[in-house]
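Reading through the structure tokens given below for one structure.
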Amino acid sequence: MKLTGAQALIKSLEMEGTEVMFGLPGGAILPVYDPLIDSSIRHILVRHEQGAGHMAEGFAHATGRPGVAMVTSGPAATNVVTPLCDAYMDSIPLVMITGQVPYAVIGTDAFQECDTVGITMPVTKHNWLVTDPADIPRIVREAFHVATTGRPGPVLVDVPKDVANMEMEWYWPESVDLPGYKPNLKGHAKQIKDAARLMGEARRPVLYVGGGILKARAAEALRELAELTGFPVVTTLMARGAFPDDHELCLGMPGMHGNYTAITSMQQADLLVALGARFDDRVTGKVGAFAPNAKVVHVDVDPAELGKVRRPDVPIVGDCRLVIEEMVKAVRAEKARKDWPSIEEWMAQIRAWQERYPLVYEQLDDGPLKPQFCIDMLRDHTPDDTIVAAGVGQHQMWTSQRWKFNDPYTFVVSGGLGTMGFAVPAAIGAKVGRPDKMVWAIDGDGCFQMTAQELVTASAERIPIKVAILNNAYLGMVRQWQELFYEERYSEVYLSPDLPDYVKWAEAMGCIGMRCDTPEDVVPTIEKANEIDDRPVVIDFRTDYREKVYPMVPAGASNDDVILDPAHDIPGGRD
Ligand SMILES: Cc1ncc(C[n+]2csc(CCOP(=O)(O)OP(=O)(O)O)c2C)c(N)n1
């Protein structure tokens, strides 16, 4: 059967099970948009290509399946660099198709030409420039394979216009053959045994759980390991939901804005079992002062992570689920072989910290609306399995701190790159992937202004997401740093609460817009929003600009120097 390269591309995407793609057409990708009309693939037309990339990421976060996006050449390709980098940092499987100028004119500075493969090489796991239409099925198959196996990540396929127009003989490759790419999934048996031995000696152990647990679909295996050992678990920003917050062993988020107990338990641990975590600086603080007395077991499917920041005592390269399942067996054997030391004293210490240093804030009945209160009310007045997407800033940290993430794949967040503007498009992608679930974006007013136009996409495509803007009139997180570390010299952080008028803007984009100013209006407004199911909703919560995120470990400081909410200085705290 003869097909054009463009037809072969769409057919290959179908063969890979693509049901939905996000994108926006243009000159160089025109040939591929034509056969799309006859395809089973649903295409969602975005208003800016960055939105397409983040939607594909949100889809992948919520479903575990690769997100697919397609855009044209030049400025469209450069517009997707941010989501590609975001997906690269957070190991999100993403397949990005870009149009390219005809092969014959590449290198001539043709209209809308850019070196897409060159520009995106450092932010993709791999990328391909197609030079022959006969390669398309093989390359698409490889692209999905690379994006979804080993440590997942974004890939890009750049398709010159003339290659898309040329004919090829259709085939579908039986298998993928990439001799240089064979991720090692099965952990080394001796190393796993060594890890179990260290676990059987520890008196102050902590399971340090990262986003790799979610990527490896290892939440169940993790729970078995935690319950078998009785070890407490910290879940990083990327791992929220990988271990249930309502589990008695869950300590929640560590790091710069983690809670005191999660931070300090890691700091004082004698053993850290790092599972799919990468010792990010936002978790470790000053690396030289991080967990000084801890031995480290480090499990990661990406060998480059082992020893990158902290030298592990036991490095294990492998898929987290497979390794943890083997670890469970090794721990059982170790427990049968000898008595394990009691960790009761350690757990008592942890309970004492939890009691002494809870997360605090105070919402006065007639006082300004606190952002934490809005999040608490959202948490308490939405279904338990609600998916939450966050932007980047104070609202993101409060969301991670205060939401109860009891299920995996319910927090859609930009951790590594920290991309403002992530929440709205990512929430749209998550809702497309999980239409059965309620999806809320919790966004900052600064973030919202970066990608809000994708609500036009959501309205047009009838994707009923809900957006809570915590409108504090400032680039709040930057203001917080200027207040604490630049002597309250506020430089270029004021945004105004009324410009734009968020309710009118939402309405202009086909959404329902609401505004909430007072604590007593919060729950009724959320309930009203929950009832709307035929279009997106935006709530403009007018929140207290003075509120800061605590605890806080200043950048570059040791985790021993965590700054607590000043309320902790008041005997008994504020609550
Ligand atoms: C694209 C991008 N530009 C700049 C930043 C730096 N930055 C981090 S948080 C933040 C402020 C976010 O403000 P807002 O969305 O209002 O959220 P808030 O902190 O007030 O909750 C800025 C500017 C970023 N993370 N991403």
Side-chain angles (χ1 to χ4, degrees), residues 48-51 53-54 57 78-90 123 237-238 255-257 280-282 361 368-376 378 388-403 412-427 440-455 467-486 489-502 505 516 538-550 552 554-555:
H48 185 295
E49 290 89 354
Q50 183 186 358
H54 292 320
E57 288 188 272
T78 55
N79 276 349
V80 297
V81 171
T82 297
L84 285 171
C85 190
D86 193 273
Y88 190 64
M89 298 278 281
D90 286 345
V123 294
L237 182 71
M238 295 311 297
M256 179 175 273
H257 290 298
D280 178 53
D281 57 271
R282 285 297 191 261
Y361 74 95
L369 187 51
K370 295 293 178 180
Q372 299 99 317
F373 178 72
C374 298
I375 295 169
D376 282 4
L378 279 164
V388 185
V392 171
Q394 292 179 310
H395 61 284
Q396 174 194 31
M397 293 297 110
W398 283 315
T399 302
S400 182
Q401 288 180 344
R402 306 211 64 85
W403 204 269
V412 179
V413 67
S414 166
L417 196 62
T419 306
M420 285 176 73
F422 178 80
V424 166
W440 273 91
I442 298 181
D443 216 359
D445 45 328
C447 288
F448 183 78
Q449 291 187 57
M450 289 202 176
T451 53
Q453 80 283 348
E454 295 311 336
L455 283 169
V467 183
I469 307 171
L470 301 184
N471 177 3
N472 57 5
Y474 277 93
L475 296 168
M477 186 57 96
V478 184
R479 183 188 191 282
Q480 171 164 343
W481 286 48
Q482 290 177 349
E483 180 178 338
L484 295 177
F485 311 120
Y486 290 84
R489 285 163 56 83
Y490 298 115
S491 177
E492 302 297 328
V493 285
Y494 181 66
L495 295 175
S496 159
D498 300 307
L499 184 66
D501 179 325
Y502 292 95
W505 192 11
C516 179
V538 177
I539 306 178
D540 172 11
F541 287 105
R542 297 299 176 101
T543 59
D544 186 355
Y545 69 92
R546 289 162 301 193
E547 202 62 25
K548 288 184 284 299
V549 187
Y550 288 114
M552 178 172 196

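We're numbering straight along the sequence, starting at 1. Remember, it's 1-based here, ligands and their atoms both numbered in the order they're listed. Scope of the values below: all heavy atoms of this structure, side chains included, with no hydrogens, waters or symmetry mates. Since the structure is predicted, the reported quantities are computational estimates derived from the model, not experimental observations.
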Distance under 4.0 Å to a non-hydrogen atom of [X]: what atoms of ligand 1 satisfy this?
X	answer
His395	15 (O), 17 (O), 18 (P), 21 (O)
Gly444	14 (P), 15 (O), 16 (O), 17 (O)
Gly476	13 (O), 18 (P), 19 (O), 20 (O)
Met477	9 (S), 19 (O)
Asn472	20 (O)
Gly393	9 (S), 19 (O)

Inset, instruction - Determine the interplanar angle of the Trp505 and Tyr502 rings, folded into 0 to 90°, and report it as parallel if under 30°, tilted if 30 to 60°, perpendicular if over 60°. - result: tilted
Inset, instruction - Could you label the plane-to-plane angle of the Tyr474 and Tyr494 rings as parallel, tilted or perpendicular, counting under 30° as parallel and over 60° as perpendicular? - result: perpendicular
Inset, instruction - Report the part of Tyr474 (side chain from C-beta onward, or backbone N, CA, C, O) that has a heavy atom under 4.0 Å from ligand 1; answer both or neither where that applies. - result: backbone
Legend entry - Residues Asp445, Arg542: salt bridge by 4.0 Å N-O rule: no
Inset, instruction - Examine the side chains of Asn472 and Gln394 and answer whether a donor and an acceptor come within less than 3.5 Å of each other. - result: yes
Inset, instruction - Please tell me if the side chains of Pro425 and Gln50 come closer than 4.5 Å, counting only heavy atoms from C-beta onward. - result: no
Inset, instruction - Nearest heavy atom to atom 1 (C) of ligand 1 wins, so pick from Glu547, Met420, Gln396, Arg479. - result: Met420
Inset, instruction - Would you verify whether the NZ or CZ of Arg479 falls within 45 degrees of the ring axis of Tyr545 while also being under 6.0 Å from that six-membered ring's centre? - result: no
Looking at [atom], what's its closest protein heavy atom, distance included?
atom	answer
atom 15 (O) of ligand 1	Cys447 N, 2.7 Å
atom 14 (P) of ligand 1	Gly446 N, 3.6 Å
atom 13 (O) of ligand 1	Leu475 CA, 3.5 Å
atom 12 (C) of ligand 1	Val392 O, 3.5 Å

Legend entry - ligand 1 contact by Gly418, heavy-atom criterion under 4.0 angstrom: yes
